[in-house]
Amino acid sequence: MSATVLIAPLKMLIATLGTGTLPPGAMSGLRQAPSTLGAAADRSATTIRIAADGWRGDGGDAAATKARRLTEADSAVGAGGADVARVVETAAEHVRTAHVALNGLVDSFVAAAATVPAVTTPAGLAALVPVALDHIARGVQVVQRAQGELARDTTALESRQTASDVPSEASATAAPVGFGGAGTRVVLPDGTVVQAPNERAARAVRAALSVQGTPYVWGGTTTDGFDCSGFTQWAYRQAGVELPRLAQDQDLASVPVSQSDLQPGDLAVWSGHVAMYVGNDQFVETGGDPVGVTPLRTTNAGQSFEGFYRPR
């Protein structure tokens with residue numbers, strides 16, 4: 001057995017965490033939002049002046065009111081875009097810092113192993129076990145610290161309204177109380193129409209249902225094959241929401257909800273499993289079987305049930 005096997009859990013942490021490197025230009029659009037939407041706000045302000053000077057009566061007042069609202073929305077969304085870019089870049093830096101620290105621990109272990117004589121013998125490997133455990137424990141601390149930082153970044157991100165979260169007058173009056181409007185409607189495989197709590201949850205449910213039949217693969221995170229948490233992570237990623245990799249961590253990125261308050265997109269979490277609620281007393285999940293729809297339940301192969309959660 002190679003000494004590198006002892007440090008395999010640390011390498012798994014590195015693979016799960018990622019590098020934190022954003023694609024080139026990923027944030028440029030958001031950073032430019034204030035100037036782009038500021039110009040739109042200026043045009044709206046010009047419209048207000050024109051309407052006030054040359055268009056009298058109820059119609060002119062209504063047009064000026066609409067333009068004023070557009071001005072306010074453009075300004076707010078522009079400022080929000082810049083703030084979102086800053087938060088995302090900060091979060092990426094937190095991931096990069098943790099990535100560097102974890103790789104440093106791997107290098108440290110490799111250097112320690114090089115000093116152990118007969119490292120491939122049982123005695124040599126036994127001498128390395130406490131060293132490996134110490135490095136792994138330090139790696140877990142690095143990841144936990146990054147999780148705390150990312151949780152704060154998530155809170156900061158949620159404090160900003162994005163353009164998709166700003167309802168129009170029509171959607172605001174037409175949306176049922178407690179739901180996000182017609183865009184949150186989801187049609188289940190049995191033909192039932194359900195309402196998700198917001199568009200992101202609806203997109204995640206639609207994505208999850210679109211890959212029914214995908215085989216179960218332990219450790220799988222792609223449409224070639226999923227494990228339970230890789231599947232829910234992938235589905236929410238299609239909606240622009242990044243969940244932790246492991247089932248027991250996905251509840252940390254969510255808020256608890258009661259069974260009576262379940263809505264499509266909510267997660268059911270056990271000690272070693274996670275499933276997505278899609279409405280109509282049904283889950284979509286994978287766990288030994290291919291991705292498919294199953295009845296709502298709180299038991300799973302003797303595992304302890306942690307509860308229901310709504311991703312933030």
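Count residues from 1 along the sequence.
Val194 approaches Val278 most closely through the heavy-atom pair CG2-O, 3.5 Å. Phe231 approaches Ala208 most closely through the heavy-atom pair CZ-CB, 3.5 Å. Nearest heavy-atom pair, Pro244 versus Asp249, reported as atom, atom and distance to 0.1 Å: CG-O, 3.5 Å. Of all heavy-atom pairs spanning Ala239 and Ala204, the tightest one is CB-N, 3.8 Å. The nearest pair of heavy atoms linking Pro197 to Pro264 is CD-O, 3.2 Å. Nearest heavy-atom pair across Asp261 and Arg310 is O-NH2, 3.0 Å.
Applying the ring pair (Phe, Tyr, Trp, His ring centres under 6.0 Å) test to His273 and every residue at least two apart in sequence or in another chain returns Trp270. Scored by the ring pair (Phe, Tyr, Trp, His ring centres under 6.0 Å) test, Tyr236 finds no partners at all (sequence neighbours excluded).
In this structure, Leu188 CG and Arg206 CZ are separated by 11.0 Å, a value rounded to the nearest 0.5 Å. Rounding to the nearest 0.5 angstrom, the gap separating the CZ atom in Arg237 from the CD atom in Gln233 is 4.5 Å. Note: Gln250 CD to Leu243 CG = 5.0 Å, rounded to the nearest 0.5 Å. Atom CD of residue Gln147 and atom CD of residue Gln144 lie 6.5 Å apart, to the nearest 0.5 angstrom. Taken to the nearest 0.5 Å, the OG1 atom of Thr286 stands 7.0 Å off from the OH atom of Tyr216.
When the side chains of ILVMFWY residues are joined at heavy-atom separations under 4.5 Å, either directly or via intervening members, Leu6 and Val110 end up in a single hydrophobic cluster. Linking Ile, Leu, Val, Met, Phe, Trp and Tyr residues whenever their side-chain heavy atoms come within less than 4.5 Å leaves Leu296 and Tyr309 in two separate clusters. Under the 4.5 Å side-chain heavy-atom criterion for ILVMFWY residues, a single connected hydrophobic cluster contains both Val142 and Leu10. Residues Val241 and Val269 share a single hydrophobic cluster, defined by chaining ILVMFWY side chains whose heavy atoms lie under 4.5 Å apart. Using a 4.5 Å cut-off between side-chain heavy atoms of Ile, Leu, Val, Met, Phe, Trp and Tyr, with links allowed through other members, Phe109 and Leu133 fall into the same hydrophobic cluster.
No side-chain donor-acceptor contact under 3.5 Å links Asp251 and Ser254. For the residue pair Glu199 / Thr184, no side-chain donor-acceptor distance below 3.5 Å is found, with atom types taken as modelled. Thr294 and Glu285 share a donor-acceptor pair across their side chains, judged by distance under 3.5 Å alone. With hydrogens and angles left out, the side-chain atoms of Gln263 and Asp266 include no donor and acceptor closer than 3.5 Å. Side chain to side chain, Ser304 and Glu306 meet the donor-acceptor criterion of an N or O pair below 3.5 Å.
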Evaluate the side-chain contact (heavy atoms from CB on, under 4.5 Å) criterion for residues Leu150 and Val95: first the C-alpha distance (whole Å), next the side-chain angles of each, then the deciding distance (0.1 Å), finally the verdict. CA-CA 8 Å; Leu150 292 173; Val95 173; 4.0 Å; yes

Full working for side-chain contact (heavy atoms from CB on, under 4.5 Å) between Leu105 and Ile136: CA-CA 8 Å; Leu105 288 171; Ile136 291 169; over 6 Å; no

Using side-chain contact (heavy atoms from CB on, under 4.5 Å), reason through Val274 and Gln248 one step at a time and then give a plain yes or no. CA-CA 8 Å; Val274 60; Gln248 58 266 35; over 6 Å; no

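Under a 3.5 Å cut-off, the side chain of Asn103 and the backbone N or O of His99 do form a donor-acceptor pair. The backbone N or O of Gln282 lies less than 3.5 Å from no partner atom in the side chain of Arg297, so there is not a single donor-acceptor pair. The backbone N or O of Glu93 sits less than 3.5 Å from a side-chain atom of Thr97, completing a donor-acceptor pair. Distance alone, capped at 3.5 Å, is enough to place a donor-acceptor pair between the Asn198 side chain and the Ala201 backbone. Listed for the Gln303 side chain is no donor-acceptor partner under 3.5 Å among the backbone atoms of Thr299.
The shortest side-chain heavy-atom distance between Val140 and Leu13 falls under the 4.5 Å cut-off. Between Tyr277 and Val284 there is no side-chain heavy-atom pair separated by less than 4.5 Å. The shortest side-chain heavy-atom distance between Pro189 and Leu209 falls under the 4.5 Å cut-off. In this structure, Val205 and Met276 have side chains that are in contact, with non-hydrogen atoms separated by less than 4.5 Å. Residues Arg185 and Gln195 are in side-chain contact: their nearest non-hydrogen atoms beyond the backbone lie under 4.5 Å apart.
Residue pairs satisfying the side-chain hydrogen bond (donor to acceptor under 3.5 Å, both in side chains) criterion with at least one member in residues 217-230, sequence neighbours excluded, are listed as follows: Asp227-Arg245, Ser229-Arg245.
The aromatic rings of Phe283 and Phe308 sit tilted relative to each other, their planes meeting at an angle between 30° and 60°.
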